[in-house]
J.: 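Got a structure for you, written out below as structure tokens; questions coming shortly.
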Amino acid sequence: MESSDKVVETVIVGNYVEMEADGKGKDFKSKLSKFFWDGGSTYDAWFSCASNQVAQVLLTLPYSFSQLGMLSGILFQLFYGLLGSWTAYLISVLYVEYRTRKEREKVDFRNHVIQWFEVLDGLLGKHWRNVGLAFNCTFLLFGSVIQLIACASNIYYINDNLDKRTWTYIFGACCATTVFIPSFHNYRIWSFLGLVMTTYTAWYLTIASILHGQVEGVKHSGPTKLVLYFTGATNILYTFGGHAVTVEIMHAMWKPQKFKAIYLLATIYVLTLTLPSASAVYWAFGDLLLDHSNAFSLLPKSHFRDMAVILMLIHQFITFGFACTPLYFVWEKAIGMHDCKSLCKRAAARLPVVIPIWFLAIIFPFFGPINSTVGSLLVSFTVYIIPSLAHIFTYRSAAARENAVERPPRFLGGWIGSYTINVFVVVWVFVVGFGFGGWASITNFVRQIDTFGLFTKCYQCPPQAAPTLFNATTHSAPPPLHHPLLNHTHRP
């Protein structure tokens, strides 16, 4: 094991220089730019993982608790947090294996970003590459769509003078500016700020709910229906499935082999945000959350809530960049622009990627249900099933296991233990996540289309009251109301 670590240490250089100047400036401006822009340490990777893992799902987890019940909600968070950390570890192992083999062959990656589908191609062949590429790109595409939908849903709680579709147009244009961020290497300050913003929002939800207290006649009846139960479970599966960008984050590190435990540490921190906030909001509002998929909708309007909304909007812009940047790389490679040194040319080449994301966010503006659908159909395969199977098949031969760069931890049973865990992950996620979760989330998603239709102008918005003598002169719009008939969980 020690000799293997030494090999990795000497082979992997990790000095990622894509789209950066070759000169090593020593003046204050260069040092300041490097401090904010040049991130490749283990701390940068931790901030990127933690910031990317929980964003708008923080607002839908209380809704999932109302579907699952308090106990199941807590247990599913802990369970899927561990499963996500394990498969992120597998992805990191396969990345190091692939990169070590290639760099032994004198392949230079300094101006090339390694991606997950390339790891699968190098280790297992083109069929694995094609499957991995299809699932990964589709998941990241809809992950970006979800961020746009969340932006429109959140800003509506501050300003409802514009409908949510119009806000989607506006934030789509804003998020398109992420084409100017070269790679994950350059997300240092954004990752840090994103995690600060998420931390504020989580503790705002927790403290505001406790101070608000339980509403009169509060009920905690979940779980009541299998459809709702598995819909909530797949939303949590989606929450801890944010490691589809693990390879890109690792490639941005100076020493990628140090990534092994980073995702687990990031998950532990994220759980300190998601468990208290979801539990507190569900404790305060109970079954009311079944009619309110966005936790902001139940909390009284205040400066603290407005601040949380604004911070979440900024963080969703950052998360949009996290989800979309790998898509930019794939598109660049497809059109032959990945090696271009010009930032402006590459930014212009990336713009077509944003257009379908913008369009899909307008077609399917179903904040909440779309999370579970993406979780069951895409996350289940992209970051749970495929990495587990890839690890099994990569090391299926005795020679591959003998020459492995990274061996499984002894305390987990070595190769036999890792194989057992991988089989369990594949079976569990396929049956519970994809099977039952897919049935429940698709049923719920189709209900949204039947109820609201595609291209709905303002999903879950209350009917606009006709102006009267008393409200025509008011200077600000009242907070949005939520009518039960407009809720996506309503059943005729």
Side-chain angles (χ1 to χ4, degrees), residues 1-18 39-46 48-49 84-110 112-125 128-129 132 136 183-185 243-267 326 329 382-384 386-397 399-412 414-415 417-419 421-422 425:
M1 180 66 185
E2 184 177 349
S3 61
S4 297
D5 288 339
K6 289 181 180 178
V7 171
V8 179
E9 192 75 41
T10 56
V11 172
I12 295 183
V13 180
N15 186 20
Y16 183 56
V17 296
E18 181 192 6
S41 68
T42 53
Y43 298 103
D44 293 309
W46 182 85
S48 293
C49 290
S85 299
W86 171 253
T87 52
Y89 165 74
L90 297 181
I91 293 172
S92 71
V93 168
L94 295 173
Y95 168 85
V96 172
E97 181 73 36
Y98 168 78
R99 184 165 177 177
T100 303
R101 291 183 186 181
K102 289 297 181 180
E103 292 193 344
R104 283 172 180 164
E105 300 170 4
K106 307 302 181 183
V107 178
D108 188 358
F109 290 112
R110 284 179 296 176
H112 181 91
V113 179
I114 298 174
Q115 295 189 265
W116 175 233
F117 70 92
E118 293 170 320
V119 173
L120 293 174
D121 186 22
L123 296 177
L124 296 169
W128 283 83
R129 176 200 64 194
N136 210 35
S183 73
F184 286 97
H185 195 66
H243 45 290
V245 296
T246 297
V247 170
E248 288 83 0
I249 292 175
M250 287 187 69
H251 193 81
M253 294 177 66
W254 296 314
K255 294 183 178 180
Q257 72 276 10
K258 292 188 175 181
F259 183 86
K260 290 180 290 186
I262 287 177
Y263 195 86
L264 175 61
L265 297 175
T267 299
F329 293 153
T382 304
V383 296
Y384 291 99
I386 292 178
S388 300
L389 290 176
H391 191 267
I392 290 173
F393 281 92
T394 298
Y395 299 108
R396 65 186 180 276
S397 68
R401 294 192 295 273
E402 182 66 26
N403 297 317
V405 175
E406 178 69 37
R407 298 175 184 272
R410 288 185 178 180
F411 68 88
L412 291 178
W415 291 108
S418 67
Y419 180 85
I421 296 172
N422 289 340
V425 171

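Counting from 1, the numbers follow the sequence of the chain as shown. Basis for what follows: all heavy atoms, side chains included, without hydrogens, waters or symmetry-related copies.
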J.: Taking N136 for its side chain and G132 for its backbone only, find out whether a donor-acceptor pair lies under 3.5 Å.
T.: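 Side chain of N136 to backbone of G132, a donor-acceptor pair under 3.5 Å: no, none is there.
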J.: When you measure from the side chain of D44 to the backbone of G40, do you find a donor-acceptor pair of N or O atoms at a distance under 3.5 Å?
T.: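 Side chain of D44 to backbone of G40: a pair is present.
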J.: Please give me the minimum heavy-atom distance between T382 and P387, naming the atom from each residue.
T.: O-CD, 3.4 Å
J.: Between E406, M250, R101, which is the residue that forms a side chain to side chain contact (heavy atoms under 4.5 Å, CB included) with V96?
T.: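 Looking at E406, M250, R101, the match for V96 under the side chain to side chain contact (heavy atoms under 4.5 Å, CB included) is M250.
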J.: Look up atom CZ in F184 and atom CZ in F329, then write down how far apart they are to the nearest 0.5 Å.
T.: 6.5 Å
J.: With a 4.5 Å cut-off on side-chain heavy atoms, are F117 and D121 touching?
T.: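 Not in contact.
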J.: Of all the heavy-atom pairs spanning I392 and Y419, show the shortest one and how long it is.
T.: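 Heavy-atom minimum between the residues: CG2-CE1, 3.6 Å.
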J.: Could you walk me through whether L389 and W128 pass the side-chain contact (heavy atoms from CB on, under 4.5 Å) test, one step at a time?
T.: CA-CA 10 Å; L389 290 176; W128 283 83; 3.8 Å; yes
J.: Under the side-chain hydrogen bond (donor to acceptor under 3.5 Å, both in side chains) test against Y395, which residue among R401, E97, E402 passes?
T.: E97
J.: Looking at H112, is its backbone amide N or carbonyl O close enough to the side chain of H251 to form a donor-acceptor pair, meaning the two atoms are under 3.5 Å apart?
T.: yes
J.: Roughly how far, to the nearest 0.5 Å, is the CD atom of Q115 from the CD atom of E248?
T.: 4.5 Å
J.: Could you measure the distance from the CG atom of N422 to the CG atom of L90? Nearest 0.5 Å is fine.
T.: 5.0 Å
J.: So which heavy atom on P256 is nearest to which on Y95, and how close?
T.: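 For P256 and Y95, the tightest heavy-atom pair comes out as CB-CE2, 3.6 Å.
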J.: Can the ring centres of W86 and Y89 be said to be less than 6.0 Å apart?
T.: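 W86 vs Y89: aromatic centres under 6.0 Å.
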J.: Give the intermediate values and the outcome of side-chain contact (heavy atoms from CB on, under 4.5 Å) for residues K102 and E118.
T.: CA-CA 11 Å; K102 289 297 181 180; E118 293 170 320; over 6 Å; no
J.: What's the separation between atom OG1 in T246 and atom CD1 in I262, rounded to the nearest 0.5 Å?
T.: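 The OG1 atom of T246 sits 10.5 Å away from the CD1 atom of I262.
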J.: Hey, is the main chain of W415 close enough, under 3.5 Å, to the side chain of S418 for a donor-acceptor pair?
T.: yes
J.: If every non-hydrogen atom of A390 is compared with every non-hydrogen atom of L94, which pair is closest and at what distance?
T.: CB-CD1, 3.8 Å
J.: Quick check: do I91 and Y263 have side-chain heavy atoms less than 4.5 Å from each other?
T.: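 No; the side chains remain at least 4.5 Å from each other.
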J.: Angle class for the F109/Y98 ring planes (parallel below 30°, perpendicular above 60°, tilted otherwise)?
T.: tilted
J.: Distance from L264 atom CG to W46 atom CH2, nearest 0.5 Å?
T.: 12.0 Å
J.: Give the minimum heavy-atom separation between A45 and M253, together with the two atoms involved.
T.: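 Looks like CB-SD, 3.7 Å.
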J.: Find the distance between OG1 (T42) and NZ (K260) and round it off to the nearest 0.5 Å.
T.: 13.0 Å
J.: Has H243 got a side-chain atom pairing as donor or acceptor with T87's backbone, closer than 3.5 angstrom?
T.: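 Absent.
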